[in-house]
**Student:** 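Take this structure, written in structure tokens, and hold onto it; I'll ask about it next.
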There are 2 protein chains.
Amino acid sequence: MLIHELSKRTGITIHTIRFYEKSGLIQGKRDAHVKSNNYFHYDEDTVEKLALIRDAKSIGFTLREIGQLMDAWFTNQLSIPEKIAVLDEKLESIDEKIKQLMEMKATISEFKKRVETESC
Amino acid sequence: MLIHELSKRTGITIHTIRFYEKSGLIQGKRDAHVKSNNYFHYDEDTVEKLALIRDAKSIGFTLREIGQLMDAWFTNQLSIPEKIAVLDEKLESIDEKIKQLMEMKATISEFKKRVETESC
DNA sequence: TGCAAGTATAGACCATGCTCTTATGTTGTG
DNA sequence: CACAACATAAGAGCATGGTCTATACTTGCA
């Protein structure tokens, strides 16, 4: 599919998709048979990648980290133990984030209680 | 205390503290009696605020959101129901983040399993 | 064939959150 | 009183993650 369709299917703007491509997160392929243009073609994996980027970004991963994750996910540049190491690292950092969120939740809840009693 | 001590006590650089002050997150007070300088003086609340900024930032709150939180926390610009509303909103957004983190954890764990079996 | 819609590249511009430099004035200790 | 250490303000510069504009070429349909 071309960039327009990719954009429609993922809800990510063409501009942002191009930005991600320039950043090395996704790669379209040009059709060697077609010489009249140099349009990029995208596959289903790219749709999945963009969904992953969207989700991972929303939980605070940087594009750099997401890139590492996707290398473990979609490419064969890494050996299996290397892939597992990357995934374990991300799992750990997620646990750490959850822990910090729990702490902040406790802090805010505690303060909320204080505000409530203050009103009596 | 002056900015140098505030910096030492919080581990946040003087530059960054000044940036937060310019952004409206903290406010030093000038001593009206002293006319030879216009140094800012900071209180204990400011130390707590900077700790809160550090923690809240690390879990993905923006400075704008942290500012709202601190208005509910430290000032009396908001009524008690308004304060509670702000706190509830932040608690909800924390729950949402935790939920998303759990989902991403499941996704990555699932993929890890696939990578592991692939190696057999 | 003309024209709208799509595509590419290059680069300007923006918000957030710093980080540092320059310039200048103040304070405190030997 | 010299001088280091501290303070101020103003503003430049930077990394990240976009967002948009300009320019120019290609494609597909009436």
Side-chain angles (χ1 to χ4, degrees), chain A residues 1-43 46-47 49-70 93 97 100, chain B residues 1-43 46-47 49-70 93 97 100:
Chain A
M1 81 197 76
L2 296 177
I3 198 163
H4 188 75
E5 194 186 337
L6 182 61
S7 173
K8 266 196 295 190
R9 286 198 42 198
T10 59
I12 296 173
T13 68
I14 289 176
H15 283 308
T16 300
I17 290 172
R18 293 220 169 96
F19 171 73
Y20 289 155
E21 178 136 32
K22 225 173 50 181
S23 308
L25 290 174
I26 60 165
Q27 298 86 37
K29 277 170 198 152
R30 281 175 165 141
D31 190 336
H33 303 303
V34 178
K35 291 186 175 163
S36 60
N37 68 37
N38 50 353
Y39 292 1
F40 287 108
H41 295 260
Y42 302 93
D43 55 19
T46 307
V47 176
K49 281 184 181 182
L50 288 176
L52 179 64
I53 292 171
R54 191 197 323 103
D55 295 348
K57 251 174 38 62
S58 81
I59 59 170
F61 280 119
T62 63
L63 295 187
R64 180 178 301 272
E65 288 175 305
I66 295 167
Q68 292 169 357
L69 200 49
M70 294 200 305
S93 84
K97 282 180 193 185
Q100 290 182 347
Chain B
M1 82 196 76
L2 297 178
I3 198 164
H4 188 75
E5 193 186 339
L6 183 60
S7 173
K8 265 195 296 190
R9 286 198 41 197
T10 59
I12 296 172
T13 69
I14 290 176
H15 282 308
T16 301
I17 291 173
R18 291 221 169 97
F19 171 73
Y20 290 155
E21 178 135 32
K22 225 172 51 179
S23 307
L25 291 174
I26 59 165
Q27 297 88 37
K29 277 170 197 153
R30 282 176 165 140
D31 189 337
H33 302 305
V34 178
K35 290 186 175 164
S36 60
N37 69 37
N38 51 353
Y39 292 2
F40 286 109
H41 294 260
Y42 302 93
D43 55 18
T46 308
V47 176
K49 280 184 182 183
L50 288 176
L52 179 63
I53 292 171
R54 191 197 323 104
D55 295 348
K57 250 175 39 62
S58 80
I59 59 171
F61 280 119
T62 63
L63 295 186
R64 179 178 299 272
E65 288 174 307
I66 295 167
Q68 290 169 357
L69 200 49
M70 294 200 306
S93 84
K97 281 180 195 184
Q100 290 182 346

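What's counted below: heavy atoms across the whole structure, side chains too, no hydrogens, waters or symmetry copies. Proteins get letters first, then strands, A, B, ... in listed order; numbering begins at 1 in each.
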**Student:** Might you confirm whether atom CZ of R54(B) has over 12 heavy atoms from other residues, nucleotides or ligands at distances under 6.0 Å?
**Tutor:** yes

**Student:** Is the Lys NZ or Arg CZ of R30(A) less than 6.0 Å from the centre of F40(A)'s six-membered ring, within 45° of the axis?
**Tutor:** yes

**Student:** Could you state the atom-to-atom distance from OH of Y39(A) to P of dC25(D) in whole Å?
**Tutor:** 12 Å

**Student:** Indicate whether the side chain of S58(A) and that of D55(A) have a donor and an acceptor atom separated by less than 3.5 Å.
**Tutor:** no

**Student:** Between C1' on dG17(D) and CD on E65(A), what's the gap in Å once rounded to a whole number?
**Tutor:**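 After rounding, the reported distance stands at 14 Å.
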
**Student:** With side chain to side chain donor-acceptor pair (under 3.5 Å) as the test, would you mind laying out the steps for Y42(B) and E21(B) before giving the verdict?
**Tutor:** CA-CA 11 Å; Y42(B) 302 93; E21(B) 178 135 32; 2.5 Å; yes

**Student:** Report yes if at least one side-chain N or O of R18(A) is closer than 4.0 Å to OP1 or OP2 of dA8(C); otherwise report no.
**Tutor:** yes

**Student:** For I17(A) and dA8(C), what is the distance between atoms CD1 and C1' respectively, to the nearest whole Å?
**Tutor:**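 Whole-Å distance recorded here is 14 Å.
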
**Student:** When you measure from every atom of DNA chain D, which of residues 27-38 of chain B have a heavy atom less than 4.0 Å away?
**Tutor:** R30(B), N38(B)

**Student:** Within 45° of the ring axis of F61(A) and under 6.0 Å from its six-membered ring centre, is that where the NZ or CZ of K97(A) lies?
**Tutor:**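 Output yes; distance and angle both within limits.
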
**Student:** Between protein and nucleotides 11-23 of chain C, map the contacts as a letter string: B base, S sugar-phosphate only, - none, heavy atoms under 4.0 Å, written 5' to 3'.
**Tutor:** -----SBBBBB--

**Student:** Expressed in angstrom and rounded to an integer, what is the separation of E21(A) atom CD from dT9(C) atom C1'?
**Tutor:** 12 Å

**Student:** Would you give the length of the straight line joining atom CD1 of I26(A) to atom CZ of F19(A), rounded to the nearest 0.5 angstrom?
**Tutor:**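 Answer rounded to 0.5 Å: 11.5 Å.
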
**Student:** Expressed as a whole number of angstroms, how long is the span from F40(B):CZ to dT8(D):P?
**Tutor:** 6 Å

**Student:** Taking CG from L2(A) and P from dT27(D), how many angstroms apart are they, rounded to a whole number?
**Tutor:** 11 Å

**Student:** Roughly, in whole Å, what's the span from NE2 in H4(B) to P in dA4(D)?
**Tutor:**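 In whole Å, dA4(D) P and H4(B) NE2 are 16 Å from each other.
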
**Student:** Tell me the interatomic distance from I12(A), atom CD1, to dT19(D), atom C1', rounded to whole angstroms.
**Tutor:** 14 Å

